[in-house]
Student: 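The structure that follows is given in the form of structure tokens.
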Amino acid sequence: MALMRRALALLLVLAASPAMAEESCTDLIDRVQRATGAAVAERSADFARFEAGPQTSLTLSCAGADASSVGAQYRGETPPEAYDTVFVQAGHAITGIAPDRLRDATRQAREGAQAKRHSTIEVDGARVTCAFMRKEQGP
């Protein structure tokens with residue numbers, strides 16, 4: 001009998017603002033790290049992956065004048081409350097969007113994704129996307 005594993009991914013895609021275009025990816029990585037307390041696990045000139053807790057990681061993709069993104073991934077059945085919190089902290093650190101607005105958009109995107117596996121919510125010039133992915137694994 002195969003086991004079904006589920007993963008949840010939240011992604012905040014940002015419309016680049018002039019302030020973000022002036023910041024280096026190093027600055028953005030440092031802001032996410034300070035805001036979340038997550039440890040940098042992988043880093044390059046335009047990308048970082050952070051370990052943010054059990055079965056939880058964050059990613060930051062810096063696109064300069066184009067849209068950048070911060071994402072949170074959880075590998076498991078039911079993400080803990082801390083999962084949403086770390087995503088909101090990272091999103092706020094990068095965008096300045098009010099945490100309560102990000103939390104509401106995150107909740108709405110998750111509710112939509114539970115019905116359709118994928119959902120996107122617009123919030124203050126950014127998009128919050130939630131996706132549930134299922135993966136078959138052996139016994």
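Throughout, residue positions are numbered sequentially from 1 according to the sequence presented. Everything quoted here is computed from the prediction, not taken from an experiment.
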Student: Looking at A109 and S119, what are the two nearest heavy atoms and their distance?
Tutor: O-CB, 3.2 Å
Student: Residues in side-chain hydrogen bond (donor to acceptor under 3.5 Å, both in side chains) with R49, at least two apart?
Tutor: E42, E51
Student: When you measure from the side chain of H118 to the backbone of A131, do you find a donor-acceptor pair of N or O atoms at a distance under 3.5 Å?
Tutor: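 No, because the side chain of H118 does not come within donor-acceptor range (under 3.5 Å) of the backbone of A131.
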Student: Would I121 and V70 show up in the same hydrophobic cluster when neighbours are defined by side-chain heavy atoms closer than 4.5 Å?
Tutor: no
Student: Is the shortest heavy-atom distance from the side chain of S57 to the side chain of R75 under 4.5 Å?
Tutor: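 Sidechains of R75 and S57: in contact.
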Student: By side chain to side chain contact (heavy atoms under 4.5 Å, CB included), which residues pair with T85, not counting sequence neighbours?
Tutor: E81, Q89, R103
Student: Please name all residues satisfying side-chain hydrogen bond (donor to acceptor under 3.5 Å, both in side chains) with T120, sequence neighbours left out, ordered by chain then number.
Tutor: T129
Student: Sequence neighbours excluded, which residues qualify as side-chain hydrogen bond (donor to acceptor under 3.5 Å, both in side chains) partners of D124?
Tutor: R101
Student: Do the side chains of P80 and Y74 get nearer than 4.5 Å, heavy atoms only?
Tutor: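 Answer yes - side chains close enough.
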Student: Any idea which heavy atoms bring H92 and P99 closest together, and the distance?
Tutor: ND1-CD, 3.6 Å
Student: Determine whether V128 and F87 make a side-chain contact, defined as any pair of heavy atoms from C-beta on separated by less than 4.5 Å.
Tutor: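 Contact flag for V128/F87 side chains = yes.
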Student: Can you measure from CG (L60) to CG (D46) and round to the nearest 0.5 angstrom?
Tutor: 9.5 Å
Student: Within the structure provided, determine whether V86 and F50 are in side-chain contact (heavy-atom separation under 4.5 Å).
Tutor: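 No, side chains not in contact.
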Student: Where do L102 and G91 come nearest, in terms of heavy atoms and distance?
Tutor: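 Residues L102 and G91, closest heavy atoms: CD1-C, 3.6 Å.
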Student: Would you please name every residue forming a side chain to side chain contact (heavy atoms under 4.5 Å, CB included) with P54, sequence neighbours left out?
Tutor: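 Result, side chain to side chain contact (heavy atoms under 4.5 Å, CB included) vs P54: none returned.
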Student: For residues T36 and A90, report the shortest heavy-atom separation together with the two atoms involved.
Tutor: CG2-N, 3.8 Å
Student: Between Q73 and T59, is there a side-chain donor-acceptor contact under 3.5 Å, judged purely by atom types and distance?
Tutor: yes
Student: Name all residues meeting the side chain to side chain contact (heavy atoms under 4.5 Å, CB included) criterion together with R43; count only those two or more places apart in sequence or in a different chain, and write none if there are none.
Tutor: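 With neighbours one apart ignored, the set is T26, I29, D30, V40.
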Student: Quick one: does T56's side chain have a donor or acceptor within less than 3.5 Å of a partner on A52's backbone?
Tutor: no
Student: Thinking salt bridges, do D84 and R110 make one under a 4.0 Å N-O criterion?
Tutor: yes
